[in-house]
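Heads up, the thing below is written out as structure tokens.
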Amino acid sequence: MLKIYNSLSRSVQEFVPIEPGKVRMYVCGMTVYDYCHLGHGRVMVVFDMVTRWLKASGYRVTYVRNITDIDDKIIKRAAENGETVRLLTDRFIAAMHEDAHALGVLRPDHEPRATEFVPQMLDLIGRLERNGYAYQAGNRDVCYAVRKFAGYGRLSGKSLEDLRAGERVDIMEGKHDPLDFVLWKHAKPDEPAEVKWDSAWGVGRPGWHIECSAMSSQLLGDHFDIHGGGQDLQFPHHENEIAQSEGAHGGTFVNYWMHNGFVRVDDEKMSKSLGNFFTIRDILKKYDAEVVRFFILRAHYRSPLNYSDGHLDDARAALTRLYTALKGCAMEGAPAQIDWSEAHAQRFKAAMDEDFATPEAVAVLFDLANELNRSKEARLAAQLKGLGGVLGLLQRDPVEFLQAAPVAGSLDDAAIDAQIAARAAAKKARNFAEADRIRDDLKTQGIVLEDSPQGTSWRRG
RNA sequence: GGCGCGAUCGCAUAGUGGCCGUGCAACGGAUUGCAAAUCCGUCUACCCCAGUUCGAUUCUGGGUCGCGCCUCCA
């Protein structure tokens with residue numbers, strides 16, 4: 001029985017899907033004007049893990065992760081670059097897909113682009129206006145009247161009074177209430193034609209929040225199971241989505257809200273605005289993508305995740321242990337079939353069912369590795385690989401992982417094999433001094449040799 | 001200022017009212033020509049102060065420190 005921490009109730013709840021056997025999930029994805037940083041990577045990996053677990057649990061999942069391809073920063077960046085918005089966003093969408101793929105993230109079922117759903121957004125704004133939630137301000141922007149929506153603040157645990165007290169926003173003239181947010185922005189004269197759409201309220205473009213309400217209802221319906229995203233979206237973005245969707249459609253919008261914790265650098269949130277971010281592609285120049293995925297999954301999705309080279313090194317050592325256990329185990333090619341009645345699998349399942357407790361699930365993997373190292377039983381190897389696969393890990397050939405070059409330009413395989421052969425000859429001649437010299441020499445180049453009765457193998461360490 | 005989250009062995013990350021956590025590092029042993037890998041063992045942690053309890057790291061209250069949201073942000 002799966003349980004999920006629901007941000008809405010601030011508690012762990014039993015998961016009951018709207019439609020038996022099916023799950024509809026929407027996750028807020030990227031605004032595409034730059035490369036993904038590790039924080040974006042975490043969202044993608046976390047909800048990929050969630051999707052995989054839901055599927056492993058027998059649910060048919062429809063997973064939507066949107067792409068925001070129209071917004072102030074995109075327009076600004078495109079203008080700076082002297083390129084069109086379309087060119088810029090296409091480029092970074094492609095880059096995002098590369099990063100996601102590297103991290104073992106499966107493609108969502110739908111990746112709607114905001115610009116392709118403007119009619120649906122306008123329809124939604126029309127409904128809101130008819131229902132008395134939307135009004136056109138003096139500057140022609142269409143705004144949402146937050147005070148009209150009774151449940152406003154429920155998700156973020158804020159009252160309008162609290163928000164008012166901490167008011168830090170410049171009050172836009174014409175808003176009925178400073179907290180009202182924009183549904184439709186009127187076009188500015190200097191903006192390019194590609195960011196302008198006709199509407200009943202004049203030429204303009206959508207506000208940020210409306211796209212998620214429009215696209216989710218279009219692709220998943222007015223009421224669906226899970227809505228996810230980074231913690232920073234809880235307010236105001238998700239709060240506003242609720243106000244829009246429920247204001248327009250009447251019923252409940254989403255049953256379970258999931259928010260993943262931040263990636264931090266030196267105990268500070270990694271973010272664009274702080275400028276302390278590391279892009280996924282930069283990290284991948286130094287670390288194997290699977291190590292990065294493992295690093296993310298080793299922490300609970302709601303906990304903060306501190307990023308540093310040291311922690312990645314640690315994750316790499318840990319993952320190496322898992323792959324080392326798998327090394328030399330006959331897997332018979334075919335994808336491992338998990339025996340869910342086996343003790344480790346049961347523990348794994350119990351952990352994952354408890355709000356996706358991947359740290360505990362990973363601990364089970366290590367226990368499995370320990371037993372596998374002792375017994376060398378093929379069925380344990382199959383369990384390890386199978387359960388790892390549920391997390392999107394351990395699917396590579398162990399030797400390939402252990403020998404994967406983290407950086408281009410390091411010693412090539414042929415050179416290593418030659419050295420090993422030379423060392424074998426020295427050993428045969430009982431010239432251990434020479435054998436040790438070769439081994440030490442390789443060690444300084446990051447190559448670790450391991451002797452066994454079957455001969456010498458190597459890995460990068 | 002308002003609201004919320006967190007403080008666990010050297011580091012990291014889970015978890016629990018009484019006994020098991022996991023990885024890395026360290027130490028001892030086995031193994032090895034010596035190593036590495038592996039196995040066995042050791043190192044017995046829970047911010048501070050009260051309270052509840054037979055018993056609290058785990059529950060309650062207070063404090064200290066850190067972080068997040070309240071503005072774009074995953």
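Just so we're on the same page: letters track the sequence lines, and every chain starts at 1.
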- Task: Looking at every strand, decide which applies to A:L449 at a 4.0 Å heavy-atom threshold: base, sugar-phosphate, or nothing.
- Result: base

- Message: Any base atoms under 4.0 Å from A:S271, or only sugar-phosphate, or nothing? Heavy atoms, all strands.
- Response: base

- Message: Applying a 4.0 Å non-hydrogen cut-off, can you work out what A:M270 is touching in the nucleic acid: base, sugar-phosphate, or nothing?
- Response: base

- Item | Shortest side-chain distance from A:H300, nucleotide among B:A14, B:A74, B:C11 | B:A14

- Query: Closer than 4.0 Å, any side-chain N/O of A:S303 to the OP1 or OP2 of B:A14?
  - Reply: yes

- Task: Could you please name the option among B:U13, B:A74, B:U22 that lies closest to any side-chain atom of A:P359?
- Result: B:U13

- At under 4.0 Å between heavy atoms, what does A:R459 touch on the DNA or RNA strands: base, sugar-phosphate, or nothing? sugar-phosphate

- Sugar-phosphate only, base, or nothing, as touched by A:K427 at under 4.0 Å among non-hydrogen atoms: base

- Message: Base, sugar-phosphate or nothing for A:D314? Non-hydrogen atoms, less than 4.0 Å.
- Response: base

- Item | Of the listed nucleotides B:C70, B:A74, B:U38, the one nearest the side chain of A:V43 | B:A74

- Query: Just checking A:R430: base, sugar-phosphate only, or nothing, at a heavy-atom cut-off of under 4.0 Å?
  - Reply: nothing

- Check every strand shown and say whether A:G157 touches a base, only sugar-phosphate, or nothing at a heavy-atom separation below 4.0 Å. sugar-phosphate

- Message: Determine whether a donor-acceptor pair (one donor, one acceptor, N or O, separation below 3.5 Å) exists between the side chain of A:R439 and the base of B:C34.
- Response: yes

- Message: With rounding to the closest Å, how many angstrom separate the C1' atoms on B:C46 and B:A14?
- Response: 12 Å

- Query: Of the nucleotides B:C69, B:G23, B:A14, which has the atom closest to the A:K269 side chain?
  - Reply: B:C69

- Message: For a quick check, tell me whether the side chain of A:D451 and the base of B:C34 share a donor-acceptor pair closer than 3.5 Å.
- Response: yes

- If we take the P atom in both B:G10 and B:C48, what is their distance in whole Å? 14 Å

- Query: Honestly, is A:K427 close enough over A:F432, meaning NZ or CZ under 6.0 Å from the six-membered ring centre and within 45° of the axis?
  - Reply: no

- Choose from B:G33, B:A74, B:A14 the nucleotide whose nearest atom is closest to any side-chain atom of A:F432. B:G33

- Query: Looking at the side chain of A:N260, which of B:A74, B:C67, B:C39 is the nearest nucleotide?
  - Reply: B:A74

- Message: Is it true that, when you exclude A:D266 itself, more than 12 heavy atoms of the residues, nucleotides or ligands shown sit nearer than 6.0 Å to its CG?
- Response: no

- Query: Counting side-chain heavy atoms from CB outward, which of B:U71, B:A74, B:G23 is closest to A:F366?
  - Reply: B:G23

- Residue from A:R293, A:R316, A:R396 passing salt bridge (charged side-chain N to carboxylate O under 4.0 Å, His left out) with A:D288: A:R396

- For B:A12, does OP1 or OP2 lie under 4.0 Å from any side-chain N or O of A:N306? no

- Message: Checking contacts here: which listed nucleotide (B:G33, B:G23, B:C69) is nearest the side-chain heavy atoms of A:D436?
- Response: B:G33

- Give the rounded distance in Å between these two atoms: CZ of A:R10 and C1' of B:C5. 11 Å

- What is the nucleic acid contact for A:G261, judged by heavy atoms within less than 4.0 Å: base, sugar-phosphate only, or nothing? base

- So does A:R374 get a side-chain nitrogen or oxygen closer than 4.0 Å to the phosphate oxygens (OP1/OP2) of B:C40? yes

- Query: Using a cut-off of less than 4.0 Å, is there contact between a side-chain N or O of A:R321 and OP1 or OP2 of B:U38?
  - Reply: yes

- What nucleotide, of B:A74, B:C39, B:U13, holds the atom closest to the side chain of A:N370? B:C39

- Query: With rounding to whole Å, what would you report as the distance between B:C65 and B:C39 at their C1' atoms?
  - Reply: 42 Å

- Item | Rounded C1' spacing from B:C69 to B:G55 in Å | 39 Å

- Query: Does a salt bridge link A:D440 with A:K443, judged by any charged N lying under 4.0 Å from a carboxylate O?
  - Reply: no

- Query: With a 4.0 Å cut-off, would you call A:K3 and A:D355 a salt bridge?
  - Reply: no

- Inter-nucleotide C1' distance (B:G68, B:C59), Å rounded: 26 Å

- Can you tell me the Watson-Crick or wobble partner of B:G55, both distances under 3.5 angstrom? none

- Note on the structure: Checking B:C70, B:A14, B:G33 against the side chain of A:R423 (C-beta onward), the nearest is B:G33

- Task: Give a yes or no on whether the ring-centroid distance for A:Y33 and A:F92 is below 6.0 angstrom.
- Result: no

- Message: Rounding to an integer number of angstrom, what distance separates B:U22 and B:C54 when you compare their P atoms?
- Response: 33 Å

- Task: Taking the six-membered ring for Trp and the single ring otherwise, decide whether the centroids of A:H209 and A:F181 are under 6.0 Å apart.
- Result: yes

- Task: Under 4.0 Å between any heavy atoms, over every strand shown, what does A:K272 touch: base, sugar-phosphate, or nothing? Just pick one.
- Result: nothing

